[in-house]
Amino acid sequence: MARKKIALIGAGQIGGTLAHLAGLKELGDVVLFDIADGIPQGKGLDIAESSPVDGFDAAYKGTSSYEDIKGADVVIVTAGVPRKPGMSRDDLIGINLKVMKAVGEGIKTYAPKAFVICITNPLDAMVWALQKFSGVKPNMICGMAGVLDSARFRHFLADEFQVSVKDVSAFVLGGHGDDMVPLVRYSGVAGIPLPDLVKMKWTTQERLDAIVERTRKGGGEIVNLLKTGSAFYAPAASAIAMAESYLKDQKRVLPAAAALRGQYGVKDMFVGVPVVIGAKGVERVVKIRLNAAEKEMLSKSVASVQGLIDACKAIDSSLA
Ligand code: A3D
């Protein structure tokens, strides 16, 4: 069987980590695309030179030509600029929308059938715009945020309970922003929901609330520590899990920013919801029953995504 082809648009901090992880997991051959001359070529060669040590077979190509992504099975987009301290994700919209236009045209011309995962911020608006610019079918494109947000939540919970991260499950809904919706009642340890763990005195409601708040602000915490950019190891690992589920038809249930057509009362928008990712892309949107408080949190999150989409339409009239 021929190796799969994974195109990474943007070879910065996340792009380079994606390239390394794709090799270590032998997901396929990797094309690193970037407008910064030398960076994709240098990172590709460096990772290829690590492959004899780690014992994986994958071809790496660094490029500044979209033609090289031709026929890619998966395209992961990180092109654009990340946050610096003091910036919100929404401050990136002007620059990154233009980048999405160029990337979308490249995908439309050379890889229109690929499964596309967008990571560029502000995520929910950028994946919406990328779908419009690329013309990729809505079920073949989604945004990575929920896997990362729930991984952060799981890490904090495992640390609080002093149990393995493997036994902690967590769900978050909504847009990738400070008003995301960590679903406490659907999260827990080895099947025991968090509210029960509070009753069992594993933690207190106050500590749990603080963990939820830390999860919501998890991206900013890393930005403030790094000072020169934003998180990249965990975002890359999260997108690789989504790509792997598609390439191997694993049908994992993962939170992702997916095109909604009325589910959760939302239309023509990409919002973070649980989905099944398999060989047909986003195969299903999982609809879970929300209580009144969760519904209210979700609609607040959806309203802020709508605001960003409106801003995109105001910047680029072809989106209106
Ligand atoms: P960075 O290391 O700056 O890499 C971005 C790369 O994009 C750079 O190498 C640029 O040269 C390249 N680039 C810029 N314009 C273009 C273009 N037109 N075509 C191709 N490449 C281009 O950033 P990063 O890798 O740390 O982050 C990438 C993006 O991911 C940013 O927008 C971040 O805000 C975002 N991000 C999202 C999450 C989510 O959870 C959604 C998490 C972390 C970062």
Side-chain angles (χ1 to χ4, degrees), residues 4-10 14-15 18 22 27-28 30-33 63 65-80 96-147 175-176 238-249 251-252 254-263 266-273 275-285 305 308-309 312-313 316 318-320:
K4 300 288 186 185
K5 179 168 173 177
I6 298 147
L8 307 174
I9 313 295
I14 302 178
L18 287 168
L27 294 185
V30 177
V31 174
L32 278 147
F33 174 98
T63 183
S65 163
Y66 271 110
E67 211 174 334
D68 290 316
I69 74 165
K70 197 170 179 180
D73 296 284
V74 170
V75 177
I76 308 181
V77 179
T78 60
N96 287 353
L97 186 64
K98 285 200 191 88
V99 174
M100 289 307 102
K101 191 162 198 169
V103 174
E105 278 157 14
I107 293 173
K108 188 181 230 166
T109 310
Y110 295 107
K113 299 231 160 83
F115 181 56
V116 179
I117 301 170
C118 181
I119 307 184
T120 302
N121 271 321
L123 193 269
D124 308 272
M126 291 302 103
V127 64
W128 173 86
L130 187 61
Q131 192 278 324
K132 302 270 181 233
F133 291 137
S134 66
V136 165
K137 282 190 188 156
N139 66 303
M140 288 297 280
I141 177 167
C142 62
M144 186 296 296
V147 177
H176 183 55
S238 303
I240 288 290
M242 295 164 72
E244 190 173 17
S245 190
Y246 169 74
L247 289 167
K248 298 184 180 169
D249 194 23
K251 303 199 191 295
R252 291 197 61 193
L254 298 169
L260 296 184
R261 285 169 308 165
Q263 299 97 330
V266 180
K267 264 194 196 140
D268 194 26
M269 270 173 88
F270 283 71
V271 175
V273 291
V275 298
V276 176
I277 297 180
K280 296 195 183 85
V282 174
E283 298 187 346
R284 260 192 293 162
V285 170
V305 176
L308 291 173
I309 289 178
C312 289
K313 288 179 179 170
D316 189 319
S318 74
L319 292 169

**Report entry** Pairwise ring-ring contact (aromatic ring centres under 6.0 Å, His included) hits with a residue in residues 106-126, at least two apart
**Finding:** Phe115-Tyr246

Query raised in the report: Looking only at atom types and distance, does a side-chain atom of Asn96 sit under 3.5 Å from a main-chain N or O of Asn121, one as donor and one as acceptor?
Result: yes

Query raised in the report: With sequence neighbours excluded, what pairs up with Pro112 under the side chain to side chain contact (heavy atoms under 4.5 Å, CB included) test?
Result: none

Requested in this report: Name all residues meeting the salt bridge (charged side-chain N to carboxylate O under 4.0 Å, His left out) criterion together with Glu105; count only those two or more places apart in sequence or in a different chain, and write none if there are none.
Outcome: none

Query raised in the report: Partners of Asp73 by side chain to side chain contact (heavy atoms under 4.5 Å, CB included), sequence neighbours excluded?
Result: Lys4, Lys5, Leu247

Query raised in the report: What closest approach, in Å, do Met100 and Ala79 show between heavy atoms, and which atom pair accounts for it?
Result: CE-O, 3.6 Å

Report summary line: What one should report as the nearest heavy-atom pair of Gln263 and Arg261 is OE1-N, 2.6 Å

Report task. Mind checking ring-ring contact (aromatic ring centres under 6.0 Å, His included) for Phe133 and listing every partner two or more places apart, or none if nothing turns up? Result -> none

Query raised in the report: What residues, two or more places apart in sequence or in another chain, satisfy side-chain hydrogen bond (donor to acceptor under 3.5 Å, both in side chains) together with Lys101?
Result: Asp316

**Report entry** salt bridge (charged side-chain N to carboxylate O under 4.0 Å, His left out) against Lys248, all qualifying residues, sequence neighbours excluded
**Finding:** Glu244

Query raised in the report: Shortest non-hydrogen contact from Val99 to Gly80?
Result: CG1-N, 4.0 Å

Report summary line: Applying side-chain hydrogen bond (donor to acceptor under 3.5 Å, both in side chains) to Ser245 and not counting sequence neighbours gives none

Query raised in the report: Any salt bridge (Lys or Arg N to Asp or Glu O under 4.0 Å) pairs touching residues 125-136, not counting sequence neighbours?
Result: Lys132-Asp268

Query raised in the report: Got Ile9 and Thr78 here, is their nearest side-chain heavy-atom distance under 4.5 Å?
Result: no

Report task. In sequence, state the C-alpha distance, the side-chain angles, and the governing distance for Ile119 and Ile14, and then conclude on side chain to side chain contact (heavy atoms under 4.5 Å, CB included). Result -> CA-CA 9 Å; Ile119 307 184; Ile14 302 178; 4.0 Å; yes

Query raised in the report: Minimum heavy-atom separation for Leu308 to Pro122, with atom names?
Result: CD1-CB, 3.9 Å

Query raised in the report: With side chains defined as the heavy atoms from C-beta onward, is the minimum distance between Cys142 and Met242 less than 4.5 Å?
Result: yes

Query - Residues which pass side chain to side chain contact (heavy atoms under 4.5 Å, CB included) with Val305, listed by chain and number, not counting sequence neighbours - result: Asp124, Met269, Ile309

Query - Smallest separation among heavy atoms of Ala111 and Ile69, with atom names - result: CB-O, 3.9 Å

**Report entry** Residues in side chain to side chain contact (heavy atoms under 4.5 Å, CB included) contact with Lys251, at least two apart in sequence or another chain
**Finding:** Asp249, Val276, Glu283

Requested in this report: Please examine the side chains of Ile117 and Val75, heavy atoms only from C-beta on, and report whether any two atoms are closer than 4.5 Å.
Outcome: no

Query raised in the report: How many angstroms lie between CG in Leu254 and OG in Ser238, if you round to the nearest 0.5 Å?
Result: 9.5 Å

**Report entry** For the student: nearest non-hydrogen atoms of Ala7 and Ala72, plus distance
**Finding:** CB-CB, 3.8 Å

